[in-house]
Amino acid sequence: MGLAFQRWADTESLNLAGGDPTAVTVTAQEALAWTTVNAAEATGLAHRIGSLTPGKQADIIVTGGPGLSQHPHLDPAGTLAFQTVPADVRHVLVAGRFVKRDGELTGTGLPALPARADRSAEAVLGRLASAGRPLPGTPPEGWGLVARMSSALQEAPERR
C-alpha cells in the first residue's frame, strides 16, 4: 500500500492533467528496502535487525512454489511485492526458529487459537465493564458523515 500511495503521489499532477506516467517512480526493490534496512534504521535497530548479516537477528520469509501468483519469474522483487499471496509463503523463521515450515504453521496450537481469542476478548470486555467504561461504538451520525465525505470526493475530484 505504501508503494502504491507513493507512486500515486509522485504522479498525481500528471494524472490530474490528463497524462499517463511513462515510468514508475519507485521500484519494488526500493519498497522492500523500506520494510527491511530502512525500517531497522528508522527504529534505531539497524545494529540488530534489517539485513542478513552475521550477528544480527534474522527473521526470514521464504516464498515460492508452483502457485500461479509466483509465475512468470521475471522480477523477484516485483513478484514478492505485488503477486505473492499467503499460500505462497513456504517457510518463516523468527530468530532462527521455524514458525511456518512447508506451508504449515508450527508450534502455534492453531486448533485452540479461536477459543483463546474468544476468552481474551471476553476478559478485555469484562475489564472494561468492571471499570465502568463501555466501548463507545459508532456515533449515530458517523456513517452519515462518511457517506457525505465520500459523495463530496466523487463529485469534486479536482479538490483531492
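Numbers here are sequence positions counted from 1. What you see is a predicted model; the values in this text were computed from it and never measured.
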* To do: Using the test ring pair (Phe, Tyr, Trp, His ring centres under 6.0 Å), find all partners of Phe82 that sit at least two apart in sequence or belong to another chain.
  => none
Do any N or O atoms from the side chain of [X] and from the backbone of [Y] form a donor-acceptor pair under 3.5 angstrom?
{"X": "Thr11", "Y": "Arg7", "value": "yes"}
{"X": "Arg90", "Y": "Arg101", "value": "no"}
{"X": "His91", "Y": "Phe98", "value": "no"}
{"X": "Ser120", "Y": "Arg116", "value": "no"}
{"X": "Thr35", "Y": "Leu32", "value": "yes"}

Minimum heavy-atom separation for [X] to [Y], with atom names?
{"X": "Ala58", "Y": "Leu52", "answer": "CB-CD2, 3.7 Å"}
{"X": "Ala46", "Y": "Glu41", "answer": "CB-CG, 3.8 Å"}
{"X": "Leu3", "Y": "Thr27", "answer": "CD1-O, 4.1 Å"}
{"X": "Ala40", "Y": "Gly50", "answer": "CB-CA, 3.6 Å"}
{"X": "Asp88", "Y": "Gln83", "answer": "OD2-O, 4.0 Å"}
{"X": "Pro21", "Y": "Asn15", "answer": "CD-OD1, 3.5 Å"}

May I ask you to test the [X]-[Y] pair for a side-chain heavy-atom distance under 4.5 Å?
{"X": "Gln6", "Y": "Trp34", "answer": "yes"}
{"X": "Asp20", "Y": "Thr22", "answer": "no"}
{"X": "Val89", "Y": "Val62", "answer": "no"}
{"X": "Thr63", "Y": "Leu80", "answer": "yes"}
{"X": "Arg48", "Y": "Lys56", "answer": "no"}
{"X": "Val92", "Y": "Ile60", "answer": "no"}

* **Intermediate values then yes/no, side chain to side chain donor-acceptor pair (under 3.5 Å), Lys100 and Thr106** => CA-CA 5 Å; Lys100 187 172 188 179; Thr106 63; over 6 Å; no
Within the supplied structure, the quantity of interest is the number of heavy atoms (other residues, nucleotides, ligands) at a distance under 6.0 Å from [X] [atom1]; does it exceed 12?
{"X": "Gln57", "atom1": "CD", "answer": "yes"}
{"X": "Ile61", "atom1": "CD1", "answer": "no"}
{"X": "Leu145", "atom1": "CG", "answer": "yes"}

* Kindly compute the distance separating OG1 (Thr53) from NE2 (His47), expressed to the nearest 0.5 Å. =>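 Thr53 OG1 to His47 NE2: 13.0 Å, rounded to 0.5 Å.
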* List the steps, then state whether side chain to side chain donor-acceptor pair (under 3.5 Å) holds for Thr84 with Gln70. => CA-CA 6 Å; Thr84 299; Gln70 298 294 288; 3.0 Å; yes
* Asked: Can you say whether the rings of His71 and His73 are parallel (under 30°), tilted (30 to 60°) or perpendicular (over 60°)?
  ->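 Perpendicular.
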